[in-house]
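Lettering follows sequence order; numbering is per chain, from 1. In this text, all values refer to a predicted model and were calculated from it rather than measured experimentally.
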Amino acid sequence: MSSLPRSFYARDTVTVARGLLGKKLVRKIGGQIISGIITETEAYRHRDDPASHAFRRETERNKAMFGEVGHSYVYFTYGMYFCFNVVARSPKSKAGAVLIRSLQPEKGVDLMKKNRGKTDLKNLANGPAKLSLALDITKNQYGVDLTNNSSLFITEGLQKKGKITKARRIGIKEGMEHLWNFKIIYQT
DNA sequence: CTTGGGATGGTCT
DNA sequence: GACCATCCCAAGG
């Protein structure tokens, strides 16, 4: 399956955050494939969003959020973890990214377990730092293009519909008025 | 189930 | 020098 086109990411950040639910994140490492369905996302915009890393100004850390859409923005936090974002924004905006917060594991589950040092399937990738560990996403993946089928990319995923919920974003103190956390729930 | 604290270091003020 | 877009484990109810 081929990657989502760059035009997918050249829309409003909040729209893309919703649109990424149900899509598939694919990681290739040494001939092995790890993949998962995106089940939770959050939008972070620019000047209208005090919770965003890009709110104040462009810096060495956040410059990917100002760069070409469809690339990754990876940041290091709490002294030990990486979190994975996709750069997305409307052409009118200068910065924006979607934080991928949760994956439903699909392929490469054994490798994910090894990378996580855990075996409980439910807890392999249900958090932004957990999924980065599971897929071995680090600073090395900063700024990589997610629209070519290389070692990290996003493709169409599940076609079936799910119920989408919206909520306040997790772990922030400003911008609480925006309901930019999205989850998809598939009925069994 | 919920709560609290420790790990650990880059980034920004 | 403070602040984190977090996770994990232990203790308490």
Indicate yes or no: does A/D12 engage A/R45 in a salt bridge with an N to O separation below 4.0 Å. yes
Can A/N115 and A/R27 be said to form a side chain to side chain contact (heavy atoms under 4.5 Å, CB included), step by step? CA-CA 13 Å; A/N115 290 340; A/R27 178 85 167 108; over 6 Å; no
Expected list for residues 122-138 of chain A near DNA chain B, using heavy atoms below 4.0 Å, is none
All stems that DNA chain B takes part in, i.e. 3 or more consecutive Watson-Crick or G-U pairs with distances under 3.5 Å, are B:1-7 with C:6-12, B:9-12 with C:1-4
Can you sort out the partners of A/F76 under ring pair (Phe, Tyr, Trp, His ring centres under 6.0 Å), two or more places apart, ordered by chain and number? A/F82
Flag side-chain contact, heavy atom, 4.5 Å: A/R101 against A/I170: yes
Test salt bridge (Lys or Arg N to Asp or Glu O under 4.0 Å) applied to A/K24 and A/E156, step by step: CA-CA 6 Å; A/K24 186 189 301 192; A/E156 278 301 331; over 6 Å; no
Do A/F84 and A/L135 have side chains that get closer than 4.5 Å, going by heavy atoms? no
Could you give all pairs that pass the side-chain hydrogen bond (donor to acceptor under 3.5 Å, both in side chains) test and reach residues 67-77 of chain A, with sequence neighbours left out? A/R6-A/E68, A/H53-A/Y73, A/E68-A/H71
Scan A/L99 against the nucleic acid and name what it touches under 4.0 Å (heavy atoms): base, sugar-phosphate only, or nothing. base
Considering the options A/N85, A/T13, A/N181, which one meets the side-chain hydrogen bond (donor to acceptor under 3.5 Å, both in side chains) requirement together with A/E42? A/N181
Would you indicate whether A/K173, at its atom NZ, is surrounded by more than 12 heavy atoms from other residues, nucleotides or ligands within a distance under 6.0 Å? no
Range on DNA chain C touched by chain A - first to last nucleotide, heavy-atom distance under 4.0 Å: C/dC4 to C/dC9
In whole Å, what is the span from the CE atom of A/M80 to the C1' atom of B/dG10? 13 Å
Can a donor-acceptor pair be found, under 3.5 Å and without considering hydrogens, that links the side chain of A/D49 to the backbone of A/F55? no
Would you tell me whether A/S3 and A/T147 have side-chain atoms, one donor and one acceptor, within less than 3.5 Å of each other? no
5′-ward residue of the pair A/K139/A/Y78 relative to DNA chain B: A/Y78
Would you jot down, in residue-number order, the residues of residues 56-77 of chain A having a non-hydrogen atom under 4.0 Å from DNA chain B? A/R56, A/R57, A/T59, A/R61, A/F76
Can you confirm whether the side chains of A/K122 and A/N126 place a donor and an acceptor under 3.5 Å from each other? no
Close side-chain approach of A/V69 and A/F8, heavy atoms under 4.5 Å: no
